[in-house]
Amino acid sequence: FNNILSNEISLSNKNPNVFLVYCGHDDIIKFSSFDNQSNYVNSSINIFIRNLKKIIDKVIQIKNSKIFISNFSNFSNSEYGNYTSFIKNNKFQLIEKLNYQIKKLINKYKIYLIDNWYISNQYGLKNLEEVEMFYIARIPFSMSFADNYYFVFSNLVSISFGNTKKVLILDLDNTLWGGILGDDGYN
């Protein structure tokens with residue numbers, strides 16, 4: 001975020017077809033969600049969303065570029081166990097608030113969402129991250145999850161460019177379902 005916002009990386013001479021903004025847990029660690037200071041947490045969320053809007057505004061200027069933004073996956077663990085639900089502004093509530101704000105941006109700007117929340121829950125939160133790889137190379141998720149993530153991402157990109165396959169099967173005279181298949185079975 002900071003490189004684009006500070007103009008260290010110029011987008012004016014680049015012309016990407018696809019632009020991905022990945023929102024990962026390292027983007028929100030500084031929010032200090034356990035300090036019970038709701039004003040601080042809410043202002044941090046507002047700053048994050050404001051910076052996200054600035055990035056979207058910069059990328060929108062690139063013609064014919066598709067913008068994809070991921071929402072946040074949930075955390076795989078809770079430091080406080082079941083007691084977490086009693087803590088105001090816990091990290092799970094923070095994720096919910098951020099994802100809600102990202103959804104509003106998606107709807108406002110008519111851009112594409114990569115639903116990290118859903119993908120990571122389907123894959124398994126325990127399999128999502130490799131802490132060692134994050135600290136060594138800033139890789140936000142495990143290599144096995146990366147295969148799954150990029151498969152979903154490439155399908156979404158393909159769909160956004162209109163590369164879809166559609167099939168319409170009609171059985172107007174009951175030949176398949178009411179006739180041969182209904183009497184003899186599918187074998």
Side-chain angles (χ1 to χ4, degrees), residues 1-5 7-28 45-46 48-76 91-130 133-134 137-172 176-177 181 186:
F1 279 20
N2 294 333
N3 293 340
I4 292 176
L5 293 174
N7 291 324
E8 289 177 27
I9 298 176
S10 173
L11 297 177
S12 60
N13 59 349
K14 296 170 180 53
N15 210 7
N17 292 329
V18 176
F19 194 89
L20 169 63
V21 179
Y22 178 80
C23 298
H25 294 157
D26 59 316
D27 295 322
I28 60 171
I45 291 172
N46 291 337
F48 180 85
I49 295 299
R50 198 170 331 134
N51 287 338
L52 195 54
K53 283 180 185 178
K54 288 178 185 177
I55 290 173
I56 292 170
D57 289 336
K58 282 187 173 196
V59 176
I60 282 179
Q61 296 171 5
I62 302 171
K63 294 195 179 356
N64 301 323
S65 184
K66 307 281 185 185
I67 304 171
F68 292 83
I69 295 181
S70 71
N71 59 4
F72 289 92
S73 61
N74 210 344
F75 288 95
S76 61
K91 64 184 181 181
F92 300 103
Q93 291 170 346
L94 174 66
I95 293 288
E96 288 177 10
K97 289 177 185 179
L98 282 166
N99 284 346
Y100 176 74
Q101 293 299 322
I102 289 172
K103 184 178 179 183
K104 286 173 50 177
L105 283 178
I106 298 284
N107 291 332
K108 177 182 178 185
Y109 286 98
K110 305 291 185 227
I111 53 183
Y112 300 94
L113 171 69
I114 298 181
D115 196 350
N116 276 355
W117 177 273
Y118 177 77
I119 297 169
S120 61
N121 285 336
Q122 291 294 328
Y123 190 76
L125 293 172
K126 294 282 186 193
N127 304 320
L128 180 65
E129 298 172 336
E130 288 178 14
M133 293 306 292
F134 177 76
R138 307 277 303 162
I139 297 173
F141 35 71
S142 70
M143 297 310 288
S144 60
F145 179 73
D147 289 340
N148 185 43
Y149 186 82
Y150 294 133
F151 176 77
V152 171
F153 178 58
S154 64
N155 283 338
L156 290 173
V157 169
S158 181
I159 290 168
S160 74
F161 284 102
N163 300 329
T164 59
K165 296 177 182 173
K166 298 176 185 174
V167 176
L168 178 62
I169 299 175
L170 301 173
D171 181 20
L172 299 178
L176 286 177
W177 304 115
L181 282 179
Y186 67 90

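The figures that follow rest on heavy atoms only: side chains count, while hydrogens, waters and symmetry mates do not.
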Quick one: list whatever passes ring pair (Phe, Tyr, Trp, His ring centres under 6.0 Å) with F68, sequence neighbours left out.
->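 Checked F68 against ring pair (Phe, Tyr, Trp, His ring centres under 6.0 Å); matches are Y112, F153.
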Is there side-chain contact between C23 and L98, with at least one heavy-atom pair below 4.5 Å?
->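 No, their side chains stay 4.5 Å or more apart.
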Y109 and K53, any side-chain heavy atoms less than 4.5 Å apart |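 Side chain of K53 against side chain of Y109, heavy atoms only: contact under 4.5 Å found.
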Gap between atom [atom2] of [Y] and atom [atom1] of [X] - 0.5 Å precision:
X	Y	atom1	atom2	value
N17	F161	CG	CZ	5.0 Å
F19	I55	CZ	CD1	6.5 Å
T164	N155	OG1	CG	11.5 Å

Residues in side chain to side chain donor-acceptor pair (under 3.5 Å) with [X], at least two apart?
X	value
N163	none
N71	D115
Q122	Y118
S144	Y123, S142

Please name the pair of heavy atoms, one in [X] and one in [Y], separated by the smallest distance, quoted to 0.1 Å.
X	Y	answer
I111	I67	CB-O, 3.6 Å
E130	M143	OE2-N, 3.8 Å
N74	S120	N-OG, 4.3 Å
I102	S70	CD1-O, 3.9 Å
F72	G24	CE2-O, 3.2 Å

Does the K66 side chain pair with the main chain of S160, one donor and one acceptor, at a distance under 3.5 Å?
->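 Between the backbone of S160 and the side chain of K66 there is a qualifying donor-acceptor contact (under 3.5 Å).
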In terms of ring plane angle, is the pair F141 and Y149 parallel, tilted or perpendicular, where the classes change at 30° and 60°?
->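 It falls in the tilted class, 30° to 60°.
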For N46, what residues pass the side chain to side chain contact (heavy atoms under 4.5 Å, CB included) criterion, not counting sequence neighbours?
->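 With sequence neighbours excluded, N46 shows a side chain to side chain contact (heavy atoms under 4.5 Å, CB included) to R50, given in chain and number order.
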